[in-house]
Each structure stands twice: as C-alpha cells, then as structure tokens.
A.B. asks: 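So that we are looking at the same thing, I have put the structure below in structure tokens.
One is the number of the first residue; the rest follow in order along the sequence. First listed ligand is number 1; within each ligand, the first listed atom is number 1. Keep in mind the model is a prediction, meaning the values are calculated, not measured.
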Amino acid sequence: MYFNEQSVVFYNGKFIKAKEATANVYSQSLHYGNGVFEGIRAYNTENGAKVFKSLEHYKRLKLGAEVMNIQFDYSEEELTKITYELLKRNGLKDAYIRPLITTGADMSLLTSSETNFIIQCWEWGKYMGDKLLRVKTSSFQRPNPNSCFVETKVTGHYVNSILSTNEAKKEGYDEALLLDMNGNVAECSGANVFMQKDGKLFTPPRGHIMAGITRATVIELCKEEGISIEEKHFTLEELKQADACFFTGTAAEVVGLESLDDYNFPLRWETSYGYQLMKLYKEEVLELRTKAKAV
Ligand code: PMP
C-alpha cells in the first residue's frame, strides 16, 4: 500500500528505491521510541503540486529533534526542496509525505549520536473517510505535558494514540476522544477537536495538545470568515451538550462527528460551521482562496 517496485525515498542524503531502504534492528527508535516524524500533505493545485505549510511542518520536525537532543542539521527550506524533488521522482502530486528521523544503536538511555533520516511519500485518501464519525471517549488520557513534549511528534508518544484507537475500534467506534490529565477535553488520537455551541466555536487551548497546523489554519479561516472562535477548556459534559463537533488534522483534514458515546450531535452537519470550514479548508489547500481573494 505504501510503496511499490518503483517508489523512491530520500534516505540519508540520497534518493534510492524504497525497496532498497533498510533499517537497523538495534536502533533506539525501535527499542525506545526515540525518533521524530511529520505528517504532511501535498495537493494537486492548478499551479502544480503544492506542499501545504511545508515550513511549519519541518519547523515542528526540527523542534522534535531538538528536544530529544537528536543531531539534525537540515533547514526547513532544504527539506522543502527535497520534498518537491521526491514528489517529482515518484510522479505524485496528491500525496501524503512522511519524514522520519531515527536514531542509531545505543542501549543506554541517552540519545544516540547517530541520526538517520528518511522521507517517504504515497498516495492517500482522506484518513478518516468521508462519513461522519462515531467517537468513543477513551479510557486513556493524553500524556501529562510534564512527562514529555506534547507538541512534538516523537514516535514514542504515539503508543498513547494506538492504545486509544485500538480500544475505540474494538468497541465498534471509528475514533477515540481523549481527555487531558485535568479531565478537560484534549483531542482525538491524531487530530484536534472543535465544538460548536450557540453559534460559536470552541477548541481547547495549547498546553495538553498537539498544536495542530490544521487547527491553526482553521482558526485563521474562522477569523477571515467572521466565524466566532475561542480557545478555551471545556469538559466532556459540555461537549455532550454541543450542537456539533469536528476534528482537524493533516491526514483527517476537517471531519465531522455524528456522535460521542451515546450522544448524537443534533445540528445537521451540512448546516454547521464544521461543514463550511471543511469546504474552506479544501479551497485553502488547493490555493483557490487566494485567487478568490484576489478578484
Ligand atoms: N493531534 C495529534 C495527537 C496528532 O498526532 C496530530 C497530527 N499531527 C494532530 C493533532 C493534528 O496536527 P496537524 O494538523 O498538524 O496535522
């Protein structure tokens, strides 16, 4: 699904065939989860393939390397150039892009001085599909921000996301919603959350969540379109009195919720801000909004 005979990856400074890329089974990334990754999308726009918010994504990748003390010297601009070249070599315009920094063999609990870096890409549809989601409140919480850097995509953090998604799917739901250590609503296993109540949108503030690039884009779009948006903590009880709810993420884009546990969101999706923002987000990534603004 992710690669075929022809697929090319960027690996330790060279473009090579994906099938020829190998990994070290003694790597700290495999043993302890000490690695950093990103999830980026490119869109086939009228101006050719455009990597959406490439600099922001690579900035977050570099922050992850920095907090984990992993040596990583590429600039955001160099990484962006390499990404465009990789898309070209794979003949892809609509693509999901997965950069991954891994560390070398070192069984001590100190970051290895060896760094490996790969960028993979593949064609990927909407991660959470097109239908409205049935979501379960997870029995797992998001990690305490004093236990790790929650705003970075360190590979080991994703054990929490896998635990919650496994639990939700096992019980027949589509996705999991996680609370933070204080019992406030935090985010989905791999996306941020917004709720609509009485004509206003609310989303949890930064602190216990991933500072999603899609979340920031949606907040921007709200401001441009005059949609009232407030970053504010809210509880599960409050969310279960909301009119509508949606998730945002690079992979998920903007996706609506049908229900949370046994609560059905009453507002018809097509009449909610989420639906409007789903369409605006699509226009933004396809660079149709700049044109609309210009005329
Ligand atoms: N929360 C978590 C836990 C995530 O892994 C992601 C994906 N990076 C997001 C939110 C959404 O972030 P973004 O919009 O930057 O993809």
A.B. asks: Can you list the atoms of ligand 1 that are under 4.0 Å from a heavy atom of Y158?
C.D. replies: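 Under 4.0 Å from Y158, ligand 1 has these atoms: 4 (C), 5 (O).
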A.B. asks: Please determine whether side chain to side chain contact (heavy atoms under 4.5 Å, CB included) holds for the pair L87 and I97, giving the CA-CA distance in whole Å, both sets of side-chain angles, and the decisive distance to 0.1 Å.
C.D. replies: CA-CA 9 Å; L87 289 173; I97 300 149; 4.2 Å; yes
A.B. asks: Are a donor atom and an acceptor atom from the side chains of S164 and S138 found within less than 3.5 Å of each other?
C.D. replies: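 No - no donor-acceptor pair under 3.5 Å links their side chains.
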A.B. asks: Could you tell me if K200 and Y273 have a donor-acceptor pair between their side chains, going purely by distance under 3.5 Å?
C.D. replies: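 No donor-acceptor contact under 3.5 Å links the two side chains.
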A.B. asks: Does the residue G39 have a heavy-atom contact with ligand 1, meaning some pair of atoms that are separated by less than 4.0 Å?
C.D. replies: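 G39 does not count as a contact of ligand 1 under the 4.0 Å cut-off.
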A.B. asks: Would you mind running through ligand 1 and noting each atom that sits below 4.0 Å from a heavy atom of E187?
C.D. replies: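 Answer for ligand 1: 1 (N), 2 (C), 3 (C), 10 (C).
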A.B. asks: Parallel, tilted or perpendicular for F194 and F246, by the 30°/60° rule?
C.D. replies: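 Taking F246 first and then F194, their aromatic rings lie parallel (interplane angle under 30°).
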A.B. asks: Measuring from atom CZ of F247 to atom CD of E175, what distance do you get when rounded to the nearest 0.5 angstrom?
C.D. replies: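 Taking CZ in F247 and CD in E175, the distance rounds to 7.0 Å.
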A.B. asks: Going by heavy-atom distance to atom 9 (C) of ligand 1, choose the closest among A211, S164, G190, S189.
C.D. replies: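 Looking at heavy atoms only, the winner is G190.
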A.B. asks: Give the residue, atom name and distance (to 0.1 Å) of the protein heavy atom nearest atom 15 (O) of ligand 1.
C.D. replies: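 Atom 15 (O) of ligand 1 sits closest to the protein heavy atom I213 N, 2.7 Å.
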A.B. asks: Heavy atoms only: which of T152, T214, T250 lies closest to atom 16 (O) of ligand 1?
C.D. replies: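 Ranked by closest heavy atom to atom 16 (O) of ligand 1, first place is T250.
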A.B. asks: Using the side-chain hydrogen bond (donor to acceptor under 3.5 Å, both in side chains) rule, collect all pairs that involve residues 64-74, keeping only residues at least two apart or in two chains.
C.D. replies: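 Matches after skipping sequence neighbours: Q71-D73.
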A.B. asks: Between H233 and P205 (side chain of the first, backbone of the second, donor and acceptor by atom type, cut-off under 3.5 Å), is there such a pair?
C.D. replies: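 Checked: no pair found.
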A.B. asks: Evaluating non-hydrogen atoms only, which member of V193, T217, N192, V150 is closest to atom 11 (C) of ligand 1?
C.D. replies: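 Looking at heavy atoms only, the winner is N192.
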A.B. asks: When only distance counts, is G212 in polar contact with ligand 1, meaning an N/O pair under 3.5 Å?
C.D. replies: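 In fact, backbone or side chain, G212 has no N or O that close.
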A.B. asks: Test your reading of the structure: does T248 have an N or O sitting under 3.5 Å from an N or O of ligand 1?
C.D. replies: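 It does not: no N or O of T248 is found under 3.5 Å from an N or O of ligand 1.
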A.B. asks: Note the single closest protein heavy atom to atom 7 (C) of ligand 1, along with its residue, its atom name and the distance in Å.
C.D. replies: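 The closest one turns out to be K153 NZ, 3.1 Å.
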A.B. asks: Of R60, H157, R142, R215, which has the heavy atom at the shortest distance from atom 3 (C) of ligand 1?
C.D. replies: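 The nearest heavy atom belongs to R142.
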A.B. asks: Side-chain donor-acceptor pair under 3.5 Å between Y58 and T83, yes or no?
C.D. replies: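 On atom types as modelled, these side chains qualify, holding a pair under 3.5 Å.
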